[in-house]
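Working notes for the structure below.
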Amino acid sequence: TRVIGQPYILRQGLNCHSCRKQYKEKLCRVNTWIQNLLFIISWNLTVVRTERKKDMPVRIVIIGGGASGLAAAITAARQDADVTILEHKDRVGKKILMTGNGKCNLTNLSDYHGKYYGENIKSIYGVLSRFTPMDTIEFFKEIGLYTKQKKDGGIYPVSEQASAVLDVLRTTCDHLGVKTLTECEPSKIITGKNGGTVQYIYQKKEKRQIPYDKLILATGGQAAPVSGSDGTGYQLARSLGHHLITPLPALVQLRCEGNYFKSISGVRAQAELNLYINKQQAAREEGELQLTDYGISGIPVFQFSRIAARAIKEKKQCEVHINFLPYLTRDELQNLEKEQYKFAYKTVEEFLSGIVNKKIASLMCRRYQIKQDTLLGKVQEKTFRECLRELTDFTVTVKEANPFENAQVCCGGIPLSEVMDNLESKYNTGIYITGELLDCDGICGGYNLQWAWATGILAARDCVAVRKQ
């Protein structure tokens, strides 16, 4: 009361010219008392804050509520961390619902070697060895989701519903107290010695910020932007000093040259496909080929589409050689060539329709200028042989990959050489990068989700472990 009241008296006294000197001296003494008092209060508050912070849970902010972000949130919250997810869309996990044709291929028990691409394969395998597909199965079992295995090693929820996967992730987050903020667009990351702040725009109108002790970037890449992966994460990572290997669409359809594709659109056929880059074989796949009105699609195309996309980006020639008769051995094909006159009573279209789709048969007749009702016995032997052989080596020239809107994942991203084994940034202590943001992409079959679970969980474990030390 004395300290607070004294300045009021002095202010009154300053109006009296005869006592000015006396009140000035008193004012100096009071100012000194106040400064000392404020220093003591400030020092005590600093001590209190420091002591409370040691006892408080680590504050982890996760930018991105996809597969990697949700797995990280659950892992951290289980260790009593204070977790907040900032999600770009109006709800989390939208891309999960799109995986595995709505069935959600969680992971794959087959050997993962040779199933991933990136400039640092050794680091990719290192991550996957520290969190394996069996670990993924156990992770989901612990939160109430049981799985089953298919012949190709793929692991699915027993219900074969992607919605069941998202439901169990969301309910577990809610149960553990994870805070989820949707419709948030991060605009800036401010780093500090022991944490920092994320500035973001809430619902496209309100500027907000949230402090963090540890930050996990799990925004996804640029594929399927309708799900929320719009490339924002790349911009945030670059603002923190990271470099970027140009992201390109992967697991995507390929657009090809030629004006005949509309006539064969809709055809599905078992085929063998060989990808050639600058006349050198780069990949081989076999499976169900889907022909579209602009080119080729299907699982075998998806598997090597990232190689084709990168080659086209680098201005290299890209061709796919298609064998529509993969069920025939070389000897069987030669025997078929000799049976032209055995089936001389058939029309060319009838004969070809016995070994390939009718639309393909019609296309071959047009390419070799053969009328479809021409009897096989009246076709020149050389033309007949060339037609059969082209069915085993039908070449299309790829001009581009479909855009990110059609892609399931991206190739490229933040180089793995710029993060440590625990996924922590080498440039920013306490900031982690996970999932598709990194330069790693896998083939179809659950391999990309395995990467998402593994990186998210390993990063979250490290966030909490470092805090506890």
Side-chain angles (χ1 to χ4, degrees), residues 114-121 124 220-227 229-231 233-235 238 243-262 264-265 267 269 271-324 390 393-416 436-445 447-448 451:
K115 309 293 176 61
Y116 289 91
Y117 296 98
E119 292 190 358
N120 195 333
I121 291 294
I124 293 173
Q222 208 167 336
V226 68
S227 67
S229 301
D230 61 357
Y234 296 134
Q235 299 171 22
R238 293 185 72 176
H243 300 88
L244 183 65
I245 298 170
T246 304
L248 295 172
L251 299 188
V252 70
Q253 308 88 350
L254 297 177
R255 292 181 171 271
C256 303
E257 296 178 359
N259 57 6
Y260 54 84
F261 280 100
K262 286 187 177 180
I264 57 177
S265 177
V267 170
E272 176 189 298
L273 290 82
N274 288 278
L275 175 67
Y276 282 80
I277 306 297
N278 285 348
K279 302 299 182 180
Q280 297 294 317
Q281 186 172 11
R284 177 189 175 280
E285 295 290 340
E286 189 169 343
E288 186 181 69
L289 169 69
Q290 298 176 30
L291 297 170
T292 70
D293 59 358
Y294 55 78
I296 56 178
S297 181
I299 298 298
V301 175
F302 288 178
Q303 305 293 47
F304 58 55
S305 60
R306 66 100 62 204
I307 303 175
R310 188 65 65 186
I312 294 168
K313 175 72 175 176
E314 297 171 357
K315 307 297 183 182
K316 296 178 181 178
Q317 184 187 43
C318 182
E319 294 179 333
V320 177
H321 295 238
I322 304 170
N323 179 5
F324 286 108
E390 185 169 1
D393 192 19
F394 188 91
T395 303
V396 298
T397 300
V398 181
K399 59 182 181 181
E400 63 181 345
N402 257 349
F404 287 112
E405 285 76 10
N406 301 96
Q408 293 184 23
V409 298
C410 291
C411 62
I414 307 303
L416 281 161
E436 197 178 331
L437 266 180
L438 294 166
D439 175 34
C440 173
D441 58 287
I443 64 173
C444 295
Y447 297 99
N448 289 292
W451 177 254

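Starting from 1, each residue takes its place in the sequence as its number. Keep in mind it's a predicted model, so treat the numbers as computed, not measured.
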Identify the heavy atoms of N448 and G442 that sit nearest to each other, and give their distance. OD1-N, 2.7 Å

Y234 and Q222: which non-hydrogen atoms are nearest, and at how many Å? CE1-OE1, 3.7 Å

To the nearest 0.5 Å, tell me how far F261 CZ sits from I296 CD1. 7.0 Å

Heavy-atom pair of closest approach, residues P225 and F404: CD-O, 3.8 Å

Report the C-alpha separation of Y276 and T395 in whole Å, then their side-chain angles, then the decisive distance to 0.1 Å, and conclude whether the side chain to side chain contact (heavy atoms under 4.5 Å, CB included) test is met. CA-CA 10 Å; Y276 282 80; T395 303; over 6 Å; no

Just checking, is any N or O donor in the side chain of N402 or Q253 under 3.5 Å from an acceptor N or O on the other one? yes

Could you tell me whether the side chain of I245 reaches within less than 4.5 Å of the side chain of P415, counting heavy atoms only? yes

Return the CD to SG distance between E319 and C256, rounded to the nearest 0.5 Å. 10.5 Å

Do R306 and D441 have side-chain heavy atoms sitting under 4.5 Å apart? yes

Check the pair N278 / Q317 against side chain to side chain donor-acceptor pair (under 3.5 Å), numbers first and verdict last. CA-CA 5 Å; N278 285 348; Q317 184 187 43; over 6 Å; no

First locate atom CD of Q408, then atom OG of S305, and finally report the distance between them rounded to the nearest 0.5 Å. 8.5 Å

Check each of N323, I322, L289 against E272 using the side-chain contact (heavy atoms from CB on, under 4.5 Å) test, and report the only one that passes. N323

Should the ring pair Y447 and Y116 be called parallel, tilted or perpendicular, given that the plane angle runs from 0 to 90° and is split at 30 and 60? perpendicular

Minimal non-hydrogen separation, L438 against W451, with atom names: CD1-CZ2, 3.9 Å

About how many Å separate CG of L273 and CG of L254, when rounded to the nearest 0.5 Å? 9.5 Å

Taking side chain as C-beta onward, heavy atoms only, is P300 less than 4.5 Å from E286? no

Would you confirm whether the ring centroid of H321 sits within less than 6.0 angstrom of the ring centroid of F394? no

Pairwise distance SG(C411) to NZ(K313) - rounded to 0.5 angstrom: 10.5 Å

Show the nearest heavy-atom pair for residues A223 and S229, with the distance to one decimal. O-CB, 3.3 Å

Do D439 side-chain atoms and E119 backbone N/O form a donor-acceptor pair below 3.5 Å? yes

Walk me through it: do Y260 and V396 pass the test side chain to side chain contact (heavy atoms under 4.5 Å, CB included)? CA-CA 11 Å; Y260 54 84; V396 298; 3.5 Å; yes

Would you say F302 and I443 make side-chain contact, with heavy atoms under 4.5 Å? no

Got a second to check how far Q290's CD is from S265's OG, nearest 0.5 Å? 10.0 Å

Heavy atoms, side chains only, cut-off 4.5 Å: are T246 and R310 in contact? yes

Do other residues, nucleotides or ligands put more than 12 heavy atoms under 6.0 Å from the CZ atom of R284? yes

So, for C318 and L275, which heavy atoms are closest and what is the spacing to 0.1 Å? SG-CD1, 3.6 Å

